[in-house]
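What you see is a predicted model; the values in this text were computed from it and never measured. Because only heavy atoms are used, hydrogens play no part in the values below, and waters and symmetry mates are left out as well, while side chains stay in. Letters A, B, ... mirror the listed sequences (proteins, then strands); counts begin at 1.
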Amino acid sequence: MCGRYSLYTHISHPEDFEERFGLPAGELPPFPAGYNIGPYRDVPVIFQTPGEGVRMRLMQWQLVPAFAKEFKSQYAMFNSRAETITSKPFWQRLLQNARCIFPANNFFEWAAVEGQKVPHKFYLPEQRLLAFGGLYSVWRHPESGEERYSASIITVPANPLVAAVHPRMPLILPREIEQNWLDPAERSFERLQQWLQSFPGNDMGDVEVSPRLNNIKNDDSSLIEPLAS
DNA sequence: CCAGACGTTGTT
DNA sequence: GTCTGG
DNA sequence: CCAGACGTTGTT
DNA sequence: GTCTGG
């Protein structure tokens with residue numbers, strides 16, 4: 001699963017967004033560095049619609065279907081299982097028409113050790129920016145017509161490194177397919193399905209971090225530091 | 001995801 | 001236990 | 001044509 | 001909103 005992550009590269013190295021996604025620093029959404037980002041927050045999401053370039057905007061981290069009566073979900077849909085989105089029509093349509101990327105610097109998973117929840121940070125040392133594959137949805141207010149965006153992170157089975165801590169992990173897109181993933185012209189179900197892979201653990205780092213991370217009210221850069229043991 | 005709350009009626 | 005809030 | 005359906009994940 | 005069923 002993926003229920004907590006960090007994003008601060010857009011503050012420290014905004015040029016990464018230009019290089020990877022063609023997004024100039026001036027077009028990044030106003031979002032402070034976040035070291036402890038959880039579900040239901042508004043987070044920066046990268047997406048593309050037909051006839052338009054790649055864009056980034058804030059979306060609420062959950063998924064509210066367009067047909068919902070209110071802008072809230074009665075289910076926990078901040079994650080979407082790869083196994084589900086390829087097998088059910090509702091999700092298949094989103095996979096073909098509403099893919100997005102959550103930019104991130106790492107993700108956290110909790111190990112259950114003697115009844116304690118022990119947080120671990122997973123990251124790619126050589127890469128400041130990670131691209132989580134996700135799905136988004138646009139909901140329109142019935143009266144005002146106001147648009148509200150929401151988005152969900154796709155999950156896949158954990159690779160062996162992550163599996164030592166937790167059985168699921170976010171879909172991480174290899175750099176070479178990021179552009180294809182965002183391209184609204186890509187509708188091949190078979191290719192899309194092939195991209196729902198668990199990113200290998202070989203190049204990933206895993207460090208235990210402070211349990212202060214557990215409380216989402218804590219949000220500072222010390223939370224991503226390896227726990228001194 | 002984790003943490004923290006979780007209880008009301010009627011009245012002025 | 002289960003729901004809500006962040 | 002209208003009515004009705006359409007949406008979980010992860011945890012122990 | 002959009003698709004399916006009757």
Side-chain angles (χ1 to χ4, degrees), chain A residues 1-7 31-44 49-50 58-98 102 104-123 130 132-158 162-163 165-171 187 196 198 208-220 223-224:
Chain A
M1 124 292 306
C2 178
R4 215 68 79 80
Y5 69 94
S6 304
L7 174 64
F31 187 78
Y35 300 93
N36 196 6
I37 301 172
Y40 308 107
R41 273 196 62 189
D42 288 326
V43 298
T49 49
L58 295 178
M59 301 192 191
Q60 191 172 79
W61 182 10
Q62 69 159 326
L63 196 91
V64 180
F67 55 76
K69 298 223 168 33
E70 298 172 276
F71 187 73
K72 71 177 214 191
S73 182
Q74 54 188 115
Y75 299 117
M77 300 211 288
F78 54 87
N79 285 159
S80 312
R81 296 172 65 93
E83 299 88 330
T84 304
I85 65 178
T86 51
S87 58
K88 296 191 175 179
F90 169 82
W91 295 103
Q92 288 173 338
R93 251 172 277 142
L94 289 179
L95 180 61
Q96 284 187 304
N97 304 313
F102 287 70
N105 287 98
N106 61 49
F107 62 95
F108 301 101
E109 302 288 359
W110 278 261
V113 179
E114 292 165 4
Q116 304 287 83
K117 291 172 178 174
V118 179
H120 286 243
K121 177 182 82 162
F122 293 94
Y123 60 104
L130 295 182
F132 296 156
L135 303 173
Y136 74 95
S137 173
V138 188
W139 180 90
R140 232 170 283 271
H141 188 99
E143 277 105 47
S144 70
E146 174 208 10
E147 287 185 331
R148 302 195 63 179
Y149 287 70
S150 58
S152 173
I153 296 175
I154 297 170
T155 64
V156 293
V162 178
V165 171
H166 195 85
R168 306 284 299 177
M169 63 181 265
L171 169 64
R187 315 291 291 296
L196 304 180
S198 305
E208 188 178 329
V209 295
S210 165
R212 289 200 310 115
L213 185 85
N214 294 16
N215 195 324
I216 203 149
K217 287 177 182 165
N218 298 320
D219 185 359
D220 62 81
L223 296 174
I224 62 170

Legend entry - P spacing across the pair C:dG5 / B:dT8, given as an integer number of angstrom: 15 Å
Inset, instruction - Could you check which of B:dC2, B:dG4, D:dT9 has an atom nearest any side-chain atom of A:Asn215? - result: B:dG4
Legend entry - side-chain N/O A:Thr84 vs D:dT9 OP1/OP2, d < 4.0 Å: yes
Inset, instruction - Report the relative orientation of the aromatic rings in A:Phe107 and A:Phe132; use parallel for angles under 30°, tilted for 30 to 60°, perpendicular for over 60°. - result: perpendicular
Inset, instruction - Let me know the distance between CD of A:Gln92 and P of D:dC6, rounded to the nearest Å. - result: 15 Å
Legend entry - Heavy-atom closest pair, residues A:Arg4 and A:Asn214: NH2-O, 3.3 Å
Inset, instruction - Go ahead and name the base partner of B:dT8; Watson-Crick or wobble counts if both distances stay under 3.5 Å, otherwise write none. - result: none
Inset, instruction - May I ask you to say what A:Phe78 touches in the nucleic acid, namely base, sugar-phosphate or nothing, with a heavy-atom cut-off under 4.0 Å? - result: base
Legend entry - Span that lies between the C1' atom of C:dT2 and that of B:dT9, in whole angstrom: 25 Å
Inset, instruction - Round to the nearest Å and state the distance from A:Tyr40 atom OH to C:dC3 atom P. - result: 12 Å
Inset, instruction - Could you give the distance separating D:dT12 and B:dC1 at their C1' atoms, to the nearest angstrom? - result: 16 Å
Legend entry - Separation of atom CZ in A:Phe132 from atom C1' in B:dC1, rounded to whole Å: 13 Å
Legend entry - A:Phe67 aromatic ring stacked with six-membered ring of E:dT2, 5.5 Å and 30°: no
Inset, instruction - Give A:Ala76 one of three labels, base, sugar-phosphate or nothing, depending on what nucleic acid heavy atoms sit under 4.0 Å from its own. - result: base
Inset, instruction - Look at A:Arg93 and E:dC3 and indicate whether a side-chain polar atom (N or O) is within less than 4.0 Å of OP1 or OP2. - result: no
Inset, instruction - Could you check how far CH2 of A:Trp61 sits from C1' of D:dG10, rounded to whole Å? - result: 13 Å
Inset, instruction - Mind checking A:Phe90 for me? I need base, sugar-phosphate or nothing, with any heavy atom below 4.0 Å counting as a touch. - result: sugar-phosphate
Inset, instruction - Please report, rounded to the nearest Å, how far the P atom of D:dT9 is from the CD atom of A:Glu83. - result: 9 Å
Legend entry - Set of side-chain contact (heavy atoms from CB on, under 4.5 Å) partners for A:Lys88, sequence neighbours left out: A:Thr84, A:Trp91
Legend entry - Nearest-nucleotide pick for A:Ile216, side chain only, options being D:dT9, C:dG6, B:dC2: C:dG6
Inset, instruction - Tell me, with the steps shown, if A:Asn79 and A:Cys2 meet side chain to side chain contact (heavy atoms under 4.5 Å, CB included). - result: CA-CA 7 Å; A:Asn79 285 159; A:Cys2 178; 4.2 Å; yes
Inset, instruction - Return the nucleotide paired to D:dC1: Watson-Crick means purine N1 to pyrimidine N3 with N6-O4 or O6-N4, wobble means G-U with N1-O2 and O6-N3, both under 3.5 Å. - result: E:dG6
Legend entry - OP1 or OP2 of D:dG10 under 4.0 Å from side-chain N/O of A:Thr155: yes
Inset, instruction - Could you list by number each residue of residues 108-119 of chain A showing a heavy-atom separation from DNA chain B of less than 4.0 Å, or answer none if no residue does? - result: A:Trp110, A:Lys117
Inset, instruction - Using atom CD of A:Glu70 as one end and atom P of D:dC6 as the other, report the distance to the nearest whole Å. - result: 20 Å
Inset, instruction - Remember a base hit wins even if backbone is also touched, and classify A:Arg41 as base, sugar-phosphate or nothing at under 4.0 Å, heavy atoms. - result: nothing
Inset, instruction - Check side-chain contact (heavy atoms from CB on, under 4.5 Å) between A:Glu143 and all other residues, then give those that pass, not counting sequence neighbours. - result: A:His141
Inset, instruction - Would you mind reading off the distance between A:Gln62 atom CD and C:dG5 atom P, rounded to a whole angstrom? - result: 12 Å
Inset, instruction - For A:Ser152, answer base if it contacts any base atom (sugar-phosphate contacts may also be present), sugar-phosphate if it contacts only those atoms, and nothing otherwise; contact means non-hydrogen atoms under 4.0 Å. - result: nothing
Legend entry - Matching residue for A:Ile224 among A:Val209, A:Leu213, A:Asn105, A:Asn106 - test: side chain to side chain contact (heavy atoms under 4.5 Å, CB included): A:Asn106
Inset, instruction - State, with a plain yes or no, whether a side-chain heavy atom of A:Ser152 is found less than 4.5 Å away from one of A:Gln62. - result: no
Legend entry - Atom-to-atom span, NZ of A:Lys69 to C1' of D:dC6 - whole angstrom: 10 Å
Legend entry - Close side-chain approach of A:Asn97 to A:Arg187, heavy-atom, < 4.5 Å: yes
Inset, instruction - State whether the number of non-hydrogen atoms from other residues, nucleotides or ligands found under 6.0 Å of A:Gln116 atom CD is greater than 12. - result: no
